[in-house]
Amino acid sequence: MIKASRTASDREVLRLAGVLVFGAVLATLDTTIVNVGLGAIAHDLGGPISATGWVSTGYLLAVAVVIPLSGWASERFGGRRMWLVSVALFTAGSALCGLAWSARSLIAFRILQGLGGGMMQPIGQALFARAAGPRLGRLIGIVTLPATFAPVLGPVLGGVLVQHLGWRWMFTINVPIGIATIVAAVRVVPADETHRPGHRLDVTGLALLSPGLAALVYGLGARNAVALGAGALALAAYGWHSSRARQPLIDLRLFARRGFAVATGNSFLLGASLYSSMLLLPLYYQQVWHASVFDAGLLLVPQALGSAVALYFAGRIAERFGPRAVLLTGVVLALAGTFPFTQQAPAWLLTVSLLVRGIGLGATTAPGMAAVYAAVERDEVHRAAAVVNVVNRAGGSLGTAILVTVLENQGFTTTFWWALGLSALSLVPAALFPRRSRCAA
């Protein structure tokens with residue numbers, strides 16, 4: 001159970017959240033904003049779209065590789081220091097991407113950018129969890145809020161930048177925001193007490209886990225059986241190694257705790273639902289409604305607004321009525337908001353459905369994340385953050401791969417039925433959550 005190291009006021013915690021959110025916004029937006037400009041990048045730098053696609057793929061693989069390292073790096077060098085390093089890497093990578101002279105140089109700089117972006121979210125979550133202490137359930141919606149706006153703001157902002165300023169501004173715009181974030185963080189983000197200079201790196205675990213996770217993410221996205229098999233084999237070998245290592249890179253023994261296992265299972269399925277919808281819904285509006293990328297982003301605004309409202313209130317409601325009730329209600333609402341897309345419903349009903357779906361997704365996010373950190377001790381927070389982010393990304397990759405495969409073979413109606421099924425699976429871990437919140441003072 002997490003306990004605050006000292007009594008910090010809500011104002012101090014909210015100031016910290018405000019700074020950490022800027023980092024989350026940078027990393028989350030970047031996963032959606034760049035896809036809009038791939039055509040312009042290919043035209044300007046030369047080369048086919050298939051090669052330019054590695055501008056996105058390279059970033060995602062770099063994120064997958066570095067997330068497992070975030071827990072060890074935070075404990076070895078300090079969470080505050082590593083968060084600042086991650087923002088600096090992301091900002092430097094963004095500046096270099098804006099100056100890229102070829103597709104290969106752009107891909108290389110995107111990998112650098114991904115190394116920073118991959119660490120920002122788990123380390124930021126851990127820093128906030130430790131500072132918030134028992135108020136985590138009530139306040140965690142603030143730091144998870146940026147993820148709900150990425151599907152909306154990414155395509156819209158990307159479309160505006162590419163159309164009026166050129167594709168390089170998709171990267172350059174991150175630079176002043178990143179610098180401002182670093183300046184604010186130096187003043188606001190507290191030193192991390194988990195700093196352990198003698199904490200050794202699990203080299204064997206790193207050699208198995210990071211490449212295995214990257215191969216799995218790539219195999220799912222590209223539907224490459226060889227990469228998928230290699231990734232699964234490497235992850236299985238890491239599981240065997242982790243059970244015997246004294247200080248594993250990611251401690252899988254955390255899953256022996258029922259609360260942690262249930263919460264991370266919920267995060268896996270939430271990732272499958274959320275990340276797959278980030279791909280499916282914009283494609284639906286573009287291909288069925290013939291909307292532009294910009295208009296498709298605007299059509300997703302109701303879902304983002306619903307999630308924002310739910311994230312703000314869900315933690316407080318969960319403290320009063322318990323996480324199980326909130327999570328089950330959220331899953332039911334997400335199902336209700338997805339169902340009309342299986343029926344070719346009219347436009348007004350789809351708009352209302354997206355609002356309902358957003359409320360459902362938001363209601364499952366905040367209590368679920370709070371439960372992850374409530375199940376671990378203070379000195380385990382950084383490792384827990386790495387685990388839950390790995391699991392969440394793996395769920396997102398799997399969900400996206402499933403829906404893309406179904407979409408190519410069956411069309412949108414059947415694919416939305418599969419999306420409905422993915423959301424329905426979340427009822428299982430939600431039903432296993434405790435009736436009442438368990439927060440330490």
Side-chain angles (χ1 to χ4, degrees), residues 28 31-32 60-61 63-64 67 121-122 144 147-148 150-151 212-223 228 231-232 235 255 260-284 300 303-304 306-307 310-311 327-328 330-339 341-342 354 357-369 371-372 386-410 412 414-433:
T28 308
T31 60
T32 58
L60 294 175
L61 292 180
V63 168
I67 286 178
Q121 190 159 336
T144 55
T148 68
L213 184 61
L216 186 69
V217 169
Y218 174 75
L220 289 170
R223 282 161 292 165
L228 194 60
L235 294 180
F255 286 98
F260 186 85
V262 168
T264 49
N266 176 75
S267 180
F268 177 84
L269 293 172
L270 180 64
S273 297
L274 182 60
Y275 286 104
S276 60
S277 70
M278 288 169 64
L279 172 73
L280 182 60
L281 288 170
L283 280 178
Y284 171 75
L300 294 177
Q303 177 172 291
S307 293
L311 281 168
L327 282 161
L328 287 173
V331 175
V332 170
L333 289 175
L335 292 172
T338 306
F339 179 74
F341 285 88
T342 68
L354 282 176
R357 190 175 191 274
I359 293 172
L361 290 174
T364 59
T365 300
M369 291 299 295
V372 168
V387 171
V388 74
N389 277 273
V390 165
V391 168
N392 185 258
R393 294 296 179 118
S397 298
L398 178 61
T400 300
I402 290 173
L403 294 193
V404 167
T405 302
V406 176
L407 180 61
E408 289 185 350
N409 293 282
Q410 302 293 331
F412 279 101
T414 302
T415 306
F416 277 115
W417 277 110
W418 277 79
L420 196 71
L422 285 177
S423 297
L425 290 175
S426 300
L427 289 168
V428 176
L432 297 175
F433 269 75

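Note: hydrogens, waters and symmetry copies are ignored here, and every other heavy atom, side chains too, is used.
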What are the two closest non-hydrogen atoms of [X] and [Y], and how far apart are they?
X      : Y      : result
Ala310 : Ile359 : CB-O, 3.3 Å
Leu335 : Ser423 : CD2-CB, 3.6 Å
Gly368 : Asn266 : CA-ND2, 3.9 Å
Gly399 : Leu422 : CA-CD1, 4.1 Å
Gly330 : Ala363 : CA-CB, 3.8 Å
Val331 : Ser426 : CG2-CB, 3.8 Å

Please round to the nearest 0.5 Å and tell me the distance separating atom [atom1] of [X] and atom [atom2] of [Y].
X      : Y      : atom1 : atom2 : value
Ile402 : Leu407 : CD1   : CG    : 13.5 Å
Trp417 : Gln410 : CH2   : CD    : 14.5 Å
Leu354 : Leu361 : CG    : CG    : 10.0 Å
Leu333 : Thr338 : CG    : OG1   : 10.5 Å
Thr415 : Asn409 : OG1   : CG    : 9.0 Å

Test of understanding: with ring-ring contact (aromatic ring centres under 6.0 Å, His included), list the residues that count as partners of Phe341, not counting sequence neighbours.
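For Phe341 the ring-ring contact (aromatic ring centres under 6.0 Å, His included) partners, ignoring immediate neighbours, are Tyr284, Phe416.
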Taking only residues two or more places apart in sequence or in another chain, which ones pass side-chain hydrogen bond (donor to acceptor under 3.5 Å, both in side chains) with Ser267?
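Checked Ser267 against side-chain hydrogen bond (donor to acceptor under 3.5 Å, both in side chains); matches are Asn392.
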How far apart are the C-alpha atoms of Leu269 and Thr364, what are their side-chain angles, what is the distance that settles it, and do they pass the side-chain contact (heavy atoms from CB on, under 4.5 Å) test?
CA-CA 11 Å; Leu269 293 172; Thr364 59; over 6 Å; no
Test item: Leu283 and Phe412 side chains (from C-beta on) under 4.5 Å apart, heavy atoms:
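Leu283 vs Phe412: side chains touch.
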Expected output: side-chain Ser273 to main-chain Leu270 donor-acceptor under 3.5 Å:
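Pair absent, no side-chain N/O of Ser273 close to backbone of Leu270.
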Is there a side-chain contact (heavy atoms from CB on, under 4.5 Å) between Phe255 and Val387 once you walk through the steps?
CA-CA 10 Å; Phe255 286 98; Val387 171; 3.6 Å; yes
Working for side-chain contact (heavy atoms from CB on, under 4.5 Å), residues Arg393 and Leu213
CA-CA 10 Å; Arg393 294 296 179 118; Leu213 184 61; over 6 Å; no
Evaluate side-chain contact (heavy atoms from CB on, under 4.5 Å) for Val63 paired with Gln121, printing each intermediate quantity in order.
CA-CA 10 Å; Val63 168; Gln121 190 159 336; over 6 Å; no
